[in-house]
Amino acid sequence: MRVLVTGGAGFIGSHVVEALRTRGHEPVVYDVRTDPGADVRDAAAVARALAGVDAVCHQAAMVGLGNGVADAPEYVSRNDLGTAVLLAAMAQAGVGRLVLAGSMVVYGEGRYTCPRHGVVRPGPRAVADLDAGRFEPRCPVCGAELS
Ligand SMILES: NC(=O)c1ccc[n+]([C@@H]2O[C@H](COP(=O)([O-])OP(=O)(O)OC[C@H]3O[C@@H](n4cnc5c(N)ncnc54)[C@H](O)[C@@H]3O)[C@@H](O)[C@H]2O)c1
Ligand SMILES: [Zn+2]
């Protein structure tokens, strides 16, 4: 399978590229770090890169929070606009398979068991907990420790 890996020169993308190669697939790296012309916001360049592609693994992004609100336009541009341009180009090219990097900031910490409430899904950890060194998520209902 030929897989376009956006952000393929980055941390996750480079491991995806290696994993694909190991399994006999054909990864195509699309990353501004290695090729200034390979920007996910460039619709024409993305369209060219999608030729013959079966699936896309989308890892291109501006990563890292807390650098100041002045970064917001660049974050939105690379992450939101970039994803939108990619999706539009995929639709145009008829490429229907996508793996999109998410973040547990969005989907929470996963599935745990509370001794009183059974299966619970705690949301993102609170800043106060992190500041106090409490890194394990607590029951969202009663605050108990979870397993
Ligand atoms: N690393 C983690 O632990 C982690 C955890 C959860 C989610 N994620 C998400 O996974 C994705 C990849 O993260 P990462 O840690 O590999 O980041 P990274 O910074 O190592 O890699 C991102 C790559 O995207 C490229 N890139 C940036 N803007 C681009 C653009 N406009 N066009 C083309 N390429 C562009 C960069 O050059 C870089 O190589 C991000 O969406 C990140 O939020 C990462
Ligand atoms: Zn509970």
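When a ligand or atom number is given, it counts from 1 through the structure's own listing order.
- Remark: the backbone N or O of V119 is not paired with any side-chain donor or acceptor of Y112 at under 3.5 angstrom.
- Taking every non-hydrogen atom of V32 and a distance limit under 4.0 Å, the qualifying atoms of ligand 1 come out as 26 (N), 29 (C), 30 (C), 32 (N), 33 (C), 34 (N), 35 (C), 37 (O).
- Closest of all the heavy-atom pairs between L146 and P137 is CD1-O, 3.6 Å.
- Between SG of C139 and SG of C142, the angle at the Zn ion (ligand 2) works out to 110°, rounded to 10 degrees.
- If you take CG on L4 and CZ on R97, they are separated by 14.5 Å, rounding to the nearest 0.5 Å.
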Checklist entry - Going through the checks in order, is the salt bridge (charged side-chain N to carboxylate O under 4.0 Å, His left out) test met by R116 and E145? => result CA-CA 10 Å; R116 284 174 58 205; E145 282 185 24; over 6 Å; no

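- By heavy-atom distance, the residue among N79, V63, T6 lying nearest atom 13 (O) of ligand 1 is V63.
- Listed by atom number, the atoms of ligand 1 under 4.0 Å from A9 heavy atoms are 39 (O).
- Residues L86 and V56 are in side-chain contact: their nearest non-hydrogen atoms beyond the backbone lie under 4.5 Å apart.
- At least one heavy atom of D39 sits less than 4.0 Å from an atom of ligand 1.
- Counting the atoms of ligand 1 from 1 in the order shown, those under 4.0 Å from a heavy atom of A38 are 32 (N), 33 (C).
- Distances from ligand 1 to the non-hydrogen atoms of G82 include no value under 4.0 Å.
- Residue contacts with ligand 1: A60 is placed with no nitrogen or oxygen under 3.5 Å of a nitrogen or oxygen of the ligand (distance criterion only).
- Nearest to atom 12 (C) of ligand 1 by heavy-atom distance, out of R78, E74, Q59, M62, is Q59.
- Distance alone, capped at 3.5 Å, is enough to place a donor-acceptor pair between the R125 side chain and the F135 backbone.
- Judged purely by atom type and a 3.5 angstrom limit, D31 uses its side chain to pair as donor or acceptor with the backbone of A9.
- Of the heavy atoms in R33, both backbone and side-chain atoms come closer than 4.0 Å to ligand 1.
- Not a single donor-acceptor pair under 3.5 Å links the side chain of H58 to the backbone N or O of T6.
- When the Zn ion (ligand 2) is compared with the N/O/S atoms of H117, atom ND1 turns out nearest.
- The backbone N or O of R2 lies less than 3.5 Å from a partner atom in the side chain of D54, making a donor-acceptor pair.
- The closest non-hydrogen atom to atom 21 (O) of ligand 1, taken over G10, G8, G7, comes from G10.
- By the 3.5 Å distance cut-off applied to N or O atoms, Y30 is not counted among the residues near ligand 1.
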